[in-house]
Amino acid sequence: MPTVHPHPRRPRWRSLAVLALLLTPLLWPLQQLAERYYSGVLVEQNRQTLDLYVANLLGTLRRYEVLPPILGDLPALRLALQQPTERTLLENANRLLDQVRGQTGADVIYLMDPNGKTLAASNWEQADSFVDRNFAFRPYFREAIAGRPGRFFGLGTTSGKRGYYFAAAVRDGERNLGALVVKVDLDHTETLWGNTPEQLLVTDANGVVILTSNSQWRFTASRPLDAAERAAIAANLPYPTQAPPPIKLDAQNWIRQDRELKETGWTVSILAPRSLLDRPVRTALVAGGGMLLLLMLLLGLLMQRRRHYLERIALDSQARQQLEQRVLERTLDLERLNSRLKQEVLEREQAQQELVQAQDELVQASKLSALGTMSASISHELNQPLAAIRSYADNAGVLLDHQRGDEARANLKLISKLTERMASIIAHLRAFARRDRHAPESVALQPAIDDALALLAKRRQAMQVELTRDLPDATLWVQAGETRLRQVLGNLLANALDALSEVPQPRRLWLSAELTAEGVDLHLRDNGPGFSQEALQRAREPFFTTKTSAQGLGLGLAICDTLMRALGGELLFANHPDGGAQLTLRLRAADQGIKTQSPEDFVV
Ligand code: ADP
């Protein structure tokens with residue numbers, strides 16, 4: 001049977017490496033997705049923060065942008081502008097401005113004459129008071145005088161604080177009386193931002209950072225300045241320096257969102273460090289990678305199970321095929337064997353038929369030969385008494401003629417005795433020839449022996465065979481058939497005589513009986529040549545004989561054996577240690593029966 005090779009097991013680390021290789025290209029899009037998602041979330045958050053901040057900033061600015069025109073209409077201020085030499089008017093104006101500043105929360109509110117000189121200011125009492133200072137160089141003043149709303153971002157020249165300036169002209173018809181300026185403190189809008197990883201960046205129209213949560217970026221230029229811008233800066237002094245240095249900002253590291261403020265020309269930006277994305281992206285990557293790994297392991301497991309399943313199916317079908325093949329081969333073998341057996345049976349039957357035919361022929365021949373021998377012996381046995389009878393009868397006639405009646409009667413008695421003898425001979429012959437198929441019955445052993453011996457007495461005497469009988473006086477009852485037992489005994493005795501005929505004198509025959517648990521063992525021993533080695537083994541076989549065809553048929557022991565077994569007994573044969581054959585009839589004991597002779601057997 002061909003062996004099935006299991007799949008060679010690949011080392012586990014190789015499978016893992018393959019898995020990792022498969023996993024890697026999947027991790028890149030995963031990272032992209034995670035980054036896109038989390039940056040989307042971040043941008044949305046920052047947009048809201050930016051919106052809030054812008055709204056706050058615009059709210060602050062818009063609160064103040066309406067103030068200058070409204071304040072410019074206040075009569076007390078107009079009076080001060082119209083009569084700038086009147087001290088009381090100026091003091092009133094100072095107080096009024098301070099009062100309004102307190103109410104509005106502005107940083108400083110001040111009144112300038114048409115030349116740019118500050119006439120009154122809310123900080124008139126402070127050390128860094130604007131009163132008498134000239135701010136004509138500031139653009140908001142120029143704008144206001146020109147009739148436009150003045151707006152300006154700049155560092156306070158005295159306070160150094162960042163401020164946004166709203167200015168409006170105060171007019172009396174066509175005449176410029178001066179300008180009113182509201183300065184809003186922007187420093188605090190920066191502190192509103194708080195301490196977050198996201199950074200604030202507000203650049204003005206020049207691209208210079210004016211407000212930021214990162215102090216290092218303050219007053220740096222986010223883009224190169226052109227000549228006009230540089231000149232304007234030098235003229236207006238909005239920053240602490242005239243040449244703002246370029247900003248140190250690595251755009252790669254920041255996610256930036258901008259919002260333009262049209263009113264001021266500013267750009268408000270929120271900068272979120274890219275590192276903020278790293279952690280959630282990494283977490284997502286690890287979780288996603290883990291899930292992918294799990295999925296792939298699961299997939300691998302499923303595929304492995306499927307492969308095992310397919311392998312098992314393949315193995316099963318292979319085994320089934322092999323089995324079918326073997327069954328087919330075996331069937332063929334059996335068919336061949338069967339036909340051979342049929343052939344052999346046919347041959348056997350034929351041989352059997354031939355054998356039976358040969359046996360029939362042999363038996364027929366034997367019968368004829370036996371008939372010849374028997375008729376010779378019968379005629380011999382019967383002729384003698386017949387001759388005697390004839391002579392006694394003749395004598396009786398003569399004696400009667402001579403009136404010698406007594407002697408004649410004596411002769412007739414002798415004749416009667418002789419006919420008795422003849423009847424006995426015939427009866428023995430019939431007893432011998434008759435086949436008995438009756439069930440075993442109680443038979444007396446000694447009389448049967450006597451009959452068998454009587455039948456052969458003549459021959460025994462002729463051969464001068466000395467018989468030793470060692471049989472108990474009490475009748476031994478055995479299970480047998482009268483005729484069959486005689487037939488067996490006659491056969492055994494005839495064989496013994498045959499054997500003894502081969503040896504010189506003294507020829508001896510022993511008959512002895514032994515009582516056993518089951519019954520009686522009858523031993524029949526002679527001092528002939530004994531069984532040859534082959535005869536010991538094969539004597540039971542029908543037609544086995546060591547004698548010439550005229551002497552023996554080889555049926556004697558075979559028939560005896562069969563008869564004995566039919567009687568529930570046994571026939572044993574062996575050689576006696578002192579030489580000669582010893583045959584044993586193992587007979588079963590029977591209840592005491594009636595000592596009779598079958599009327600069929602003995603007709604007297
Ligand atoms: P047959 O007497 O016709 O040969 P049997 O079946 O009676 O056939 O005997 C078979 C053979 O057994 C004999 O040919 C003989 O060789 C052997 N045999 C039988 N009885 C004796 C005996 N008493 N002594 C020696 N050999 C015997």
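Hydrogens, waters and symmetry mates are skipped; everything else that's a heavy atom, side chains included, is used. All of these numbers come straight from a predicted model, not from anything done at the bench. Each ligand, and each atom within it, is numbered from 1 in the order the structure gives.
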(message) Tell me whether Gly530 reaches ligand 1 (any heavy atom closer than 4.0 angstrom to a ligand atom).
(response)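 Yes, that is the case, since the closest heavy atom of the residue is under 4.0 Å from the ligand.
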
(message) Could you measure the distance from the CZ atom of Arg507 to the CG atom of Asp526? Nearest 0.5 Å is fine.
(response) 11.5 Å

(request) Determine, stepwise, if the pair Asp450 / Arg469 fulfils side chain to side chain contact (heavy atoms under 4.5 Å, CB included). (result) CA-CA 11 Å; Asp450 291 342; Arg469 280 175 69 127; 2.8 Å; yes

(message) Closer than 4.0 Å to some heavy atom of Ala581 - which atoms of ligand 1 meet that?
(response)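 Listed by number with element: 22 (C), 23 (N), 24 (N).
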
(message) Using a 4.0 Å cutoff against the non-hydrogen atoms of Thr545, which atoms of ligand 1 qualify?
(response) 1 (P), 4 (O), 14 (O)

(message) Has Gln446 got a side-chain atom pairing as donor or acceptor with Pro472's backbone, closer than 3.5 angstrom?
(response) yes

(request) Mind checking side chain to side chain contact (heavy atoms under 4.5 Å, CB included) for Leu295 and listing every partner two or more places apart, or none if nothing turns up? (result)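 Counting only residues at least two positions away or on another chain, Leu295 forms no side chain to side chain contact (heavy atoms under 4.5 Å, CB included).
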
(message) For atom 9 (O) of ligand 1, tell me which residue out of Leu524, Asn491, Asn495 has the closest non-hydrogen atom.
(response) Asn495

(request) Check whether more than 12 heavy atoms from other residues, nucleotides or ligands sit under 6.0 Å from atom CD of Gln505, and answer yes or no. (result) yes

(message) Under 4.0 Å, heavy-atom basis, I'd like to know which part of Asp498 is in contact with ligand 1: side chain, backbone, both or neither.
(response)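 Asp498 to ligand 1: no contact under 4.0 Å from either part.
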
(request) Indicate yes or no: does an N/O atom of Leu557 lie under 3.5 Å from an N/O atom of ligand 1? (result)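 Yes: some nitrogen or oxygen of Leu557 is under 3.5 Å from one in ligand 1.
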
